[in-house]
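First the structure, in the form of structure tokens, and then the observations on it.
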Amino acid sequence: MKRAYVTTLCNGDGYVTGAEVLGRSLAESGSDIARIAMVTADISAGARARLAVQGWEVREVAPIENPTPASQLVFQRFGAVFTKLRAWDLEGLDRVVLLDADTLVLQNVDDLFERSGFAAAPDFFLPDRFNSGVMVLTPSRDTFARMVEALAASPSYDGGDQGFLNTFYSDWYAMPVMHRLPVGYNLASFIYQFANGHPLLKATLAREAKILHYMVQKPWQATSTLTGGATAWWSMYFDAHPEKARAWKGRVHAIEDWTFDKLAALVLD
Ligand code: GLC
Ligand code: MN
């Protein structure tokens, strides 16, 4: 069986740092399964070299334009985000675990490849929809062709691939449980941070949190790291870039995570 972890890079180099750190986290999880980065032509040569250092095989793919261009006005990053669908079009692979570049692997997740059919975890914002940042799938020319055909006529509730895919797999919520990943396989970073500060939840989290997803703010883009759970990401970043000034910067990010807790407590009190 040919298996691969796959990530997608489009809309320029903005998410390359995320993919570097994700690649590093997969290596540190002890996985030796292939890693493939699907990149569009606008990903620079320098970025491709950085990806290769973290074990990504770079494959260039043609972008898939957003069928609702107006949604880019809300989130510029949704521009070519439908390019993710190219995972169904990848050649020579039997099973794919598709990970957003803004995810971080905390524990080995190779068991995901033992599932059959399509699987994804609930979305934090609308739990009866799945989040498209972590998906297990079987590449299929036929499925890909059906998706491309459905694109123009399918509504996307969030203006991105996630809204479209939830229309395509509209019965996901009612599917048998094998299609539903435990939430720890796609855990919002801010939930992780919150639970990590809770003395009773900490142990559960250490067991169950496997993939963090920096859904809202991206640690490498935020001016201050109020993303929640940023310390875990920066720790992996410094593993990927040992030449950077880990000592003091690491402390700054830890303080910022602590600030997030305090702010959240203030709001909730
Ligand atoms: C959400 C998902 C992300 C997806 C985007 C666009 O942010 O977390 O995976 O690409 O929506 O639909
Ligand atoms: Mn994401």
Side-chain angles (χ1 to χ4, degrees), residues 5-23 25-26 37-40 61 63-88 96-106 109 112 118-137 147 150-151 154-170 172 180-181 183-193 209-222 227-230 232-233 236:
Y5 287 105
V6 175
T7 196
T8 320
L9 292 163
C10 49
N11 300 325
D13 286 355
Y15 274 48
V16 171
T17 308
E20 277 184 89
V21 171
L22 170 62
S25 72
L26 280 165
M38 302 191 295
V39 306
T40 49
V61 297
I64 298 179
E65 294 307 323
N66 192 322
T68 319
S71 50
Q72 286 171 64
L73 298 174
V74 187
F75 292 120
Q76 194 269 329
R77 66 178 193 268
F78 284 6
V81 77
F82 282 75
T83 306
K84 257 196 224 181
L85 304 185
R86 291 261 174 228
W88 275 270
V96 160
V97 171
L98 185 59
L99 299 169
D100 271 8
D102 56 0
T103 59
L104 176 76
V105 170
L106 299 182
V109 287
L112 285 174
F118 175 80
D123 187 42
F124 171 72
F125 297 100
L126 298 170
D128 58 357
R129 267 69 152 200
F130 60 86
N131 183 281
S132 64
V134 176
M135 294 183 284
V136 189
L137 59 102
M147 282 178 177
L151 266 183
S154 301
S156 168
Y157 69 82
D158 72 344
D161 59 285
Q162 178 167 295
F164 166 75
L165 284 166
N166 273 277
T167 303
F168 193 80
Y169 291 113
S170 60
W172 174 80
R180 197 176 322 138
L181 300 177
V183 77
Y185 284 87
N186 188 350
L187 188 63
S189 56
F190 40 89
I191 300 293
Y192 172 79
Q193 172 59 19
K210 296 184 187 245
I211 303 176
L212 297 188
H213 189 176
Y214 295 86
M215 288 174 191
V216 184
Q217 272 191 310
K218 319 301 167 190
W220 66 94
Q221 287 179 341
T227 54
W233 190 90
M236 194 63 71

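Both ligands and their constituent atoms are indexed starting at 1 by order of listing. A quick note: this is a predicted structure, and the numbers were derived from the prediction, not measured.
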- prompt: Got F82 and E65 here, is their nearest side-chain heavy-atom distance under 4.5 Å?
  reply: no
Selection residues 160-169 - residue pairs positive for salt bridge (Lys or Arg N to Asp or Glu O under 4.0 Å), sequence neighbours left out: K84-D161
- request: May I ask you to list the protein N, O or S atoms found at less than 2.8 Å from the Mn ion (ligand 2)?
  value: D100 OD2, D102 OD1, D102 OD2, H213 NE2
query: Going from CG on N166 to OG on S154, what distance comes out if it is rounded to the nearest 0.5 angstrom?
result: 11.5 Å
query: Does a donor on one side chain sit under 3.5 Å from an acceptor on the other, for Y15 and Q221?
result: no
task: Could you label the plane-to-plane angle of the F190 and F125 rings as parallel, tilted or perpendicular, counting under 30° as parallel and over 60° as perpendicular?
output: tilted
- request: Under the salt bridge (charged side-chain N to carboxylate O under 4.0 Å, His left out) rule, what do K218 and D102 come out as? Steps first, then yes or no, please.
  value: CA-CA 7 Å; K218 319 301 167 190; D102 56 0; 2.7 Å; yes
- request: Kindly write out the residues that satisfy ring pair (Phe, Tyr, Trp, His ring centres under 6.0 Å) with W172, not counting sequence neighbours, or none if the list is empty.
  value: F130
query: Would you call I211 and N186 a side-chain contact if the rule is heavy atoms closer than 4.5 Å?
result: no
message: If you define the side chain from C-beta out and look only at heavy atoms, does anything of T83 sit under 4.5 Å from V61?
response: yes
message: With a 4.0 Å heavy-atom cut-off, what residues sit around ligand 1?
response: F78, V81, K84, D100, N131, S132, G133, D158, G160, D161, Q162, H213
